[in-house]
Structures are given as structure tokens and as C-alpha cells.
Amino acid sequence: MSVRVRMAPSPTGFLHIGGVRTFLFNWLFARQHGGECRLRIENTDTSREVVEAVDQIQESLRWVGIDWDGPVTFQLDTAERARVLAEQLVSEGKAYMDDGAIRFKQPPGSVSWEDKVRGRIEFQNENLPDLVIVRSDGRPTYNFVSPVDDMLDEITHVIRAEDHVSNTPSQINILRALGAEPPIYSHLPNINGPDGKKLSKRHGAVSVDVFRDDGYLPAAMMNFLALLGWSFDDKTTIMQPHELIERFTLERVVQSPATFDYEKLDWMNGMYLRELGEDAYGDFLVGWLHDHEITWPEETVRATVPLVQEKIEKLSAYPNFVRFFFEDVSPEGADPTMCAAAVEALTPVTPWTTEAIEAALRAMVEALGEKPRTAFAPIRLAVTGSKISPGLFESLELLGKDESLARLGAAAAIS
RNA sequence: GCCCCCAUCGUCUAGUGGCCUAGGACACCGGCCUUUCACGCCGGCGGCACGGGUUCGAAUCCCGUUGGGGGUACCA
């Protein structure tokens, strides 16, 4: 029997980063086994549905690089079928009416299953409530439709988050009552925020879209998420999507919860950003700027790539880092004497290349008996408006001779 | 309260009875490189929650304690 898994988000809001991790593990597992990965929207509770969420979820998944097989299905579409099955259970004495609702009657004894990540888990049925499987208004509930869908869709492996552990015994009992064989279950550890508490809105970035907005690369995102609760060995950290697919196993998923480490994500994104080719980096950058409605000329933007690629960890740092190429700066605070000397040293430079600029400036420093560090600081400040910038000589070249001399001249004029 | 799960450096993790004086990565600290920042390189700090067992031998197995998490809805 080939593998078939499902990603089952509820459309109550934007896709949560923890949810993506869960779906990623489903996807990696399916892709590795050459199986199917379905996308099923669990919208049984219509009252909580957010209309845009369905599109948003798909877009977020696609952005990270997770795809699915077949059409997107909706749990609600199986509602009628589920209701009929519930009535069947009533007629068989396996469920009963209660205040207009249908409750599942838990069988005697105990239930257990061999969880692929947590080992054997057992529940005493007497501790399980007779849960409502069809509401008094006729709508079946999640805990009924979900296993029914798994049965109808012939799902072989259910890979979901830890908070479903307590639903599993009931779902197994329901499946058995229906005469179906339960799938193989795997319960993934939860992801916590930096404070050790469950990841939530107040931790800032929890929606996939926020990371996209901040300028993270999908591959970096996927790599980072894969390492939250799973590892390949004791050394490997950076893994491209195809490597993750090759290497992923449920057996190597850990059982303890993980804390989302934003700093490590930043580091990893920097790694991926630096490995990009110049054109690819430019494409990514141009797209990101477009999404953020920053209309700087593309040619110049692409020309800045070699100057910034080693410097920033995520694209959201880009605008402020290179703003001086596109907008005027204030010459405040730059030592006028040094700027005047720079004007003098740079005026005869032809052609205006990084190498020639560096040579002229270094000769100036030597003639002045200054240290490069102290001499270049005011020049950098005058030209870029900041103490921190891309390489000075490259920046001067890109800025152009006229503009560079104008800025240095303006700084020199302040006394 | 009851049910279930979890417990290795600050964080992500390796470790499945001897290979562990517990390895790697992020962060942090120090140094090198250096025009700032960053990258890179070198070095350092830092952990098996606690208590009992089992065993010749325990981070690894068992029990208890403590701590954390999840569930306990006519939510998903």
C-alpha cells in the first residue's frame, strides 16, 4: 500500500508557523515515499470560518514550497455522508441520541496505538467522554468527520501536532466502530515561543506571511522548520529541500517540544542569501521591493547586490542599508577637514573605479599620516549618512563621481 | 481535579548500557582579518532536573519526585 497523508488546516485565520511545520513533515514524508499529500480544509465549524483564510493558507504553503496532490477538499463536503454513518452507528447501538445530538458510545476496555514518534500510547476507555459526533442542528463535529474523512480518503498515515494525542483514542474507537482499520499515527511535538510558552501572536512573527514580508527565503524557512523537532545526524544543518526529502524519517522526530529561535533563523537565512547567485539575489530583491512598493530603479538596485549580499541577513534590512544610493543624505557630523581633503584627492580620479578610488584615498591617508580607520569614518558619514554602510570604495563608485564629490563638498563646507 | 505527553549547554539538537573527560549548530565572550558593518577563521564559556533502584558499568533501562506542555466543548 502506498503512502497517503493529508494536511488538514482549519480555516480560522492565517497559516501559523507551527502549522506549516506540521504540514512540512507530512509533505516530506509523502514525497520521500513517492506517496500522495492531500490538502483538506477542516471547516466543520462554519461559525469560525474566515473566508480569506482558505486562499491565504494555500498561498502560504506554496510560498514555502509545499505542494499537494489532487484538488483541495473540504471537510464540510463529507458532512452528509458522515451524518448517515452516525445514524448507522445509532442503529447498531454504537451511538445514541442525547438532547437531539448524537453521542458516540465509547466501548469497554482500552485503546492503544503504536505512535511512530512517541511509541505505544494507551487510554482507558472509561476515561473517554461519549463525545458528540452530530450536533443537534445536524452538523457533524470535527472528531467524527476527521476520522471518517481519513477512512474515505484512505489515508495511511496521520501526522499531526501533539495536541491531538487526546483525540486519537476516540478517533480510533470511532473508526473501529465503523469497521475501518485506523491509519498509522504520528504526533509531533509542539513549538513554543522564546518564553517557553506556546507560540502565539504576542511573539511577533507567527504567521508565515510575516516571514515572507521580512525577506526570508522559502528554502531557508523550510530548512529551519525541518530542524524544529527533527535532525538528520549530529552535524548537518544546512539542507536544501531535495535533501530534506531524501533524509526525512518519522523515526528521527524528537518527542520533546521545541522553542522557536528567531536568531538562528536569521543566521540560516543569511547563509542562504549569501549562496545565491547575483542574478537570483537580484530577482529576489526586486520582487521583494515591488511587494513593498519601493520604486527604486531596478538597474541600480541590481548593481547594489554585490555590495549588500554579504552584509544583511534578511531583505527588510536592505532599504535602510542602501538608502543613500537613492536619496539625499545629511552631511551633519562629518569632519569638514577630512572631507575637504577627500574632495581634493578624488577630483582627479579617472576612471571612476573602485580600484582607482581606493588608491587615491589610501594615498591621501598616507600623506596625512592618518589611520585608515579614522580617515575613512568621516568620508563614509558624509557620503552614506551613516557610520555603517557597504564597502566605502564600491559605494563611491556606484554613487558616481559627481554625486560623491557633491556630498563630500557639502560636508566640507560645514564649519 | 482527572487523562495523556515530555525532560541533554540560554536555544535547536547528537546520543538507543561501555566509543561520553557528553559531539555539532545558533547565541554569547575573546582573538585574527579589516575602511564601518558583516562574512570568514581560531579559541572559550556552557548541559545530562532531582532522588532511588537495575547493572561490572547508566545521559541512555525501571520507579518516584519536581518542573513543563497538551487535553478535559453540540472548537478544530
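Residue numbering restarts at 1 for every chain, and letters A, B, ... go by the order of the sequence lines. What you see is a predicted model; the values in this text were computed from it and never measured.
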CG (A:Asp137) with more than 12 external heavy atoms under 6.0 Å: yes

Sugar-phosphate only, base, or nothing, as touched by A:Leu392 at under 4.0 Å among non-hydrogen atoms: base

Aromatic ring of A:His164 stacked on base six-ring of B:A76, 5.5 Å, 30°: yes

Pairing of A:Glu36 and A:Arg38 as salt bridge, 4.0 angstrom limit: yes

Under-4.0 Å side-chain N/O to phosphate OP1/OP2 contact, A:Arg135 with B:A76: yes

Residue met sooner reading RNA chain B from 5', once A:Ala377 and A:Pro189 are mapped to nucleotides: A:Pro189

Base partner of B:G40, which must satisfy Watson-Crick or wobble distances under 3.5 Å: B:C32

Cation over ring face, A:Arg247 and A:Phe232, 6.0 Å, 45°: yes

Given B:C39, B:G70, B:C26, the nucleotide with the shortest approach to the side chain of A:Glu310: B:C39

Sugar-phosphate, base or nothing in reach of A:Phe123, heavy atoms under 4.0 Å: sugar-phosphate

Touch class at under 4.0 angstrom, heavy-atom based, for A:Lys235 against every strand present: sugar-phosphate

Toward the 5' end of RNA chain B, by each residue's nearest nucleotide, A:Val254 or A:Pro390: A:Val254

Identity of whatever pairs with B:A49 - Watson-Crick or G-U, under 3.5 angstrom: B:U65

Pair partner, B:U55 [Watson-Crick or wobble, under 3.5 Å]: none

Pairwise C1' distance, B:C32 and B:G18 [rounded to whole Å]: 41 Å

Presence of A:Arg373 side-chain N/O under 4.0 Å of B:U34 phosphate oxygens OP1/OP2: no

Sugar-phosphate, base or nothing in reach of A:Ser389, heavy atoms under 4.0 Å: base

Separation of the C1' atoms in B:G47 and B:A14, to the nearest angstrom: 13 Å

Phosphate OP1/OP2 of B:C4: any A:Arg118 side-chain N/O under 4.0 Å: no

N/O donor-acceptor pair, side chain A:Lys264 with base B:A27, under 3.5 angstrom: no

Evaluation steps, side chain to side chain contact (heavy atoms under 4.5 Å, CB included), between A:Met7 and A:Leu61: CA-CA 10 Å; A:Met7 305 185 284; A:Leu61 284 173; 4.3 Å; yes

Distance test, side-chain N/O of A:Thr259 to OP1/OP2 of B:C12, below 4.0 Å: yes

Any A:Thr12 side-chain N or O less than 4.0 Å from OP1/OP2 of B:A76: no

Sugar-phosphate, base or nothing in reach of A:Asp137, heavy atoms under 4.0 Å: nothing

Assigned partner base of B:C26, Watson-Crick or wobble definition, under 3.5 Å: B:G10

Whole-Å distance separating the CZ atom of A:Arg247 from the P atom of B:A14: 15 Å

Out of B:C26, B:U36, B:A14, whichever nucleotide has its closest atom nearest the side chain of A:Asp234: B:A14

Identified side chain to side chain contact (heavy atoms under 4.5 Å, CB included) partner of A:Arg21 from the options A:Val64, A:Leu227, A:Ile191: A:Ile191

Integer angstrom distance from the C1' of B:G31 to that of B:C12: 27 Å

Residues A:Leu225, A:Phe260; criterion side chain to side chain contact (heavy atoms under 4.5 Å, CB included); working and verdict: CA-CA 9 Å; A:Leu225 254 18; A:Phe260 198 99; 4.1 Å; yes

Atom C1', compared across B:C39 and B:A58: separation rounded to whole Å: 43 Å

Touch class at under 4.0 angstrom, heavy-atom based, for A:Gly229 against every strand present: sugar-phosphate

Touch class at under 4.0 angstrom, heavy-atom based, for A:Arg160 against every strand present: nothing

Within 45° cone of A:Phe248 ring axis and under 6.0 Å: A:Arg252 NZ or CZ: no

Side-chain donor/acceptor contact of A:Asn167 with base of B:A76 under 3.5 Å: yes

B:C2 pairs with, by Watson-Crick or G-U criteria that keep both distances under 3.5 Å: B:G71

Closest nucleotide among B:U36, B:A76, B:U13 to the A:Ser231 side chain: B:U13

Under-4.0 Å side-chain N/O to phosphate OP1/OP2 contact, A:Gln255 with B:C6: yes

Distance-only donor-acceptor test (3.5 Å): side chain A:Ser136, base B:C74: yes

